[in-house]
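Quick notes on the structure that follows.
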Amino acid sequence: MDPTTDNAAHPGDPAAARASLEALRAEIAKAVVGQDPAVTGLVVALLCRGHVLLEGVPGVAKTLLVRALAAALELDTKRVQFTPDLMPSDVTGSLVYDARTAEFSFQPGPVFTNLLLADEINRTPPKTQSSLLEAMEERQVTVDGTPRPLPDPFLVAATQNPVEYEGTYPLPEAQLDRFLLKLTIPLPSRQDEIDVLTRHADGFNPRDLRAAGVRPVANAADLEAARRAVAETTISPEITAYVVDICRATRESPSLTLGVSPRGATALMATARAWAWLTGRDYVIPDDVKALALPTLRHRVQLRPEAEMEGVTTDSVINAILAHVPVPR
């Protein structure tokens, strides 16, 4: 069954919306091999009205993943390559003088889109990075004192390289906290890498996703129906307390100098609800919280230098906390 056809017959139906969003995985797989967790994370972020930071070494299809997601959604998308000389107005837009009318008119920047790919976001100075803060948090851009709302849905998918630090500007904690999820893109398995090379040998062109067969299978109406259904997903007081206990445990960890804030706890509750709905339930269970804990929390904590020198990672600290905090029955 074609999900887009089924959804057209049942506009606003949560079940049809879920089927359309599930079809994204198969559609994106036509272009990207073996990155199901990252695809799921991007869908969760869309459902939660959040933003995603994609981290991985060069060449693991971070940019291709976001482009394939945009191609599988009937949404407007734009890409910005962040560089050291990029100015805030290059992202948000600026006032341009029109000699014919002798007036200034606003020229929207690439941020005025549904899906913004911020490529190598840590290669631009903090002043330009901060130009995204208002857009990400307030869903608007203020130029010359006038606020201008951004389209809905709006998602920033930013990529960064974790191994090359020369010429980069690490994201400040305040901006990291604005990202709902931090998804790590691993190197592919041996078989996945063989599949990638086979596709390229057969003529796959990553710059022509339509030729690869990627078609829109979901749209803004599907997202809106899905968001309404997620908002109705039940989370019990016991699960809420479980989320709080996990986040409070990060603040007490001897390996961390910075724990998860209440905003991070709210984010974990939201992503767990979205994951519960995607898996076909209208209520949250502890496994939903555990499934989204790493991508939701890993960028909201900070390791002590001595722990980092001993080889401790944020993921290992969070996993230890998940193993230690009592699970509600």
Do the non-hydrogen side-chain atoms of [X] and [Y] ever get within less than 4.5 Å of each other?
X	Y	answer
E232	D282	no
R210	D208	yes
D119	R79	yes
R178	H51	no
L292	P295	yes
L150	V111	yes
Q302	L256	no
Y283	I235	no

Answer yes if [X] and [Y] sit in the same cluster of Ile, Leu, Val, Met, Phe, Trp and Tyr residues linked by side chain heavy atoms under 4.5 Å apart, and no otherwise.
X	Y	result
V32	V60	yes
L117	M136	no
L183	L116	no
F104	V96	no
V301	L171	no

Main-chain N/O of [Y] paired to [X] side chain as donor or acceptor, under 3.5 Å:
X	Y	value
T113	P110	no
S94	D90	no
N219	E74	no
Q140	A135	no
K62	E120	no
R199	V33	no
R298	T314	no
S253	A249	no
Q175	Q129	yes
S130	K127	yes

Which atom pair, heavy atoms only, marks the closest approach of [X] to [Y]?
X	Y	value
L180	A267	CD1-CB, 3.7 Å
I185	A38	CD1-CB, 3.6 Å
C247	L297	SG-CD2, 4.4 Å
L21	A226	CD1-CB, 3.7 Å
P153	N114	O-ND2, 2.8 Å
V143	G93	CG2-O, 4.1 Å

**Asked** Is it the case that more than 12 heavy atoms not belonging to R248 sit under 6.0 Å from its CZ atom?
**Response**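 Check fails, neighbour count at 12 or below.
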
**H324, NE2: over 12 other non-hydrogen atoms inside 6.0 angstrom** =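 Open: at most 12 neighbouring heavy atoms sit under 6.0 Å from NE2 of H324.
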
Please report the interatomic distance [atom1]([X]) to [atom2]([Y]), rounded to the nearest 0.5 Å.
X	Y	atom1	atom2	result
R273	D288	CZ	CG	11.5 Å
L115	D76	CG	CG	9.0 Å
R67	T77	CZ	OG1	9.0 Å
I318	L294	CD1	CG	5.5 Å
T250	L258	OG1	CG	8.0 Å
L303	M309	CG	CE	13.0 Å

**Prompt:** What's the verdict on side-chain contact (heavy atoms from CB on, under 4.5 Å) for I239 and I285, showing C-alpha distance, side-chain angles and the deciding distance?
**Reply:** CA-CA 7 Å; I239 300 295; I285 62 175; 5.5 Å; no

Is a donor from one side chain sitting under 3.5 angstrom from an acceptor on the other, for [X] and [Y]?
X	Y	result
T279	R281	yes
T296	T271	yes
T313	D315	no
E238	S236	yes

**Test: K182 and E55 ion pair at under 4.0 Å** =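 Between E55 and K182 there is a salt bridge, with a charged N closer than 4.0 Å to a carboxylate O.
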
**Prompt:** Any salt bridge between R49 and E137, counting N to O under 4.0 Å?
**Reply:**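 Salt bridge: no.
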
**Request:** Evaluate side-chain contact (heavy atoms from CB on, under 4.5 Å) for L176 paired with R300, printing each intermediate quantity in order.
**Result:** CA-CA 7 Å; L176 278 173; R300 303 175 194 271; over 6 Å; no

**Request:** Begin from the C-alpha positions of L73 and L46 and carry the test side-chain contact (heavy atoms from CB on, under 4.5 Å) through to its verdict.
**Result:** CA-CA 11 Å; L73 288 166; L46 283 167; 3.7 Å; yes

**Message:** When you measure from the centre of the six-membered ring of F106, is the NZ or CZ of R148 closer than 6.0 Å and no more than 45° off the axis?
**Reply:**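 Verdict for F106: a cation-pi partner in R148.
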
**Prompt:** E134 and T142: side-chain hydrogen bond (donor to acceptor under 3.5 Å, both in side chains), yes or no, with the steps?
**Reply:** CA-CA 8 Å; E134 182 187 16; T142 302; 2.6 Å; yes

**Message:** If you apply the rule side-chain contact (heavy atoms from CB on, under 4.5 Å), what do you find for N122 with Y169, and how did you get there?
**Reply:** CA-CA 5 Å; N122 58 336; Y169 303 83; 5.7 Å; no

**Asked** Quick one: side-chain hydrogen bond (donor to acceptor under 3.5 Å, both in side chains) pairs with a partner in residues 31-42, sequence neighbours left out?
**Response**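 Listed once each, the pairs are R25-T40.
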
**Message:** Between D13 and R18, is the salt bridge (Lys or Arg N to Asp or Glu O under 4.0 Å) condition met? List the steps.
**Reply:** CA-CA 9 Å; D13 177 20; R18 183 189 287 118; over 6 Å; no

